[in-house]
Trainee: 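Can you read through this structure? Questions will come right after.
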Amino acid sequence: MFTPIICGTCDQGKYAPAGPGLYACTMCGHTLATTDFVLDPEERLICRDGVMYTQAQHSLSEDPS
């Protein structure tokens, strides 16, 4: 599942790549570095259609029961 990363400053815009290791809000321009994103251990940061998302990674070895 892909979850867009919403700006914590304006609460409306989504982050998009703005340079090497730098991302900017599409609404207000607030910037974050790659290291500023707080991800859970099973999540990864990805870019889809020019917008940053988190994607949950599920282990195939997990027991669903």
Side-chain angles (χ1 to χ4, degrees):
M1 178 176 171
F2 297 101
T3 305
I5 300 173
I6 304 299
C7 178
T9 301
C10 71
D11 294 324
Q12 295 178 19
K14 298 173 185 169
Y15 283 96
L22 187 65
Y23 305 90
C25 173
T26 56
M27 296 288 285
C28 72
H30 181 257
T31 58
L32 288 177
T34 303
T35 56
D36 294 328
F37 291 101
V38 178
L39 302 174
D40 289 332
E42 69 276 356
E43 291 180 320
R44 69 179 181 149
L45 188 63
I46 63 163
C47 183
R48 265 184 101 176
D49 300 323
V51 175
M52 300 312 296
Y53 291 86
T54 59
Q55 181 183 26
Q57 298 293 298
H58 300 287
S59 173
L60 295 176
S61 62
E62 289 181 0
D63 184 8
S65 53

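Positions are given from 1 along the sequence.
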Trainee: Transitively linked via ILVMFWY side-chain contacts under 4.5 Å: L45 with L32?
Mentor: yes
Trainee: Calculate, to the nearest 0.5 Å, the distance between atoms SG and CD1 belonging to C25 and I5 respectively.
Mentor: 11.5 Å
Trainee: Can you name the residues that form a side-chain contact (heavy atoms from CB on, under 4.5 Å) with C47, not counting sequence neighbours?
Mentor: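 If we apply the side-chain contact (heavy atoms from CB on, under 4.5 Å) test to C47, skipping adjacent residues, the hits are P17, M52.
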Trainee: Of the non-hydrogen atoms in G29 and A24, which two are nearest, and what is the gap between them?
Mentor: O-CB, 4.2 Å
Trainee: Mind checking side-chain contact (heavy atoms from CB on, under 4.5 Å) for I46 and listing every partner two or more places apart, or none if nothing turns up?
Mentor: F2, R44, R48, Y53, Q55
Trainee: So I6 and K14, do their side chains get closer than 4.5 Å, heavy atoms only?
Mentor: yes
Trainee: So, do T26 and Y15 sit near enough that their side-chain heavy atoms are less than 4.5 Å apart?
Mentor: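 The answer is no, as the side chains (C-beta and beyond) never meet within the 4.5 Å cut-off.
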Trainee: So which atom in C10 and which in M27 form the shortest heavy-atom distance, rounded to 0.1 Å?
Mentor: SG-CB, 3.9 Å
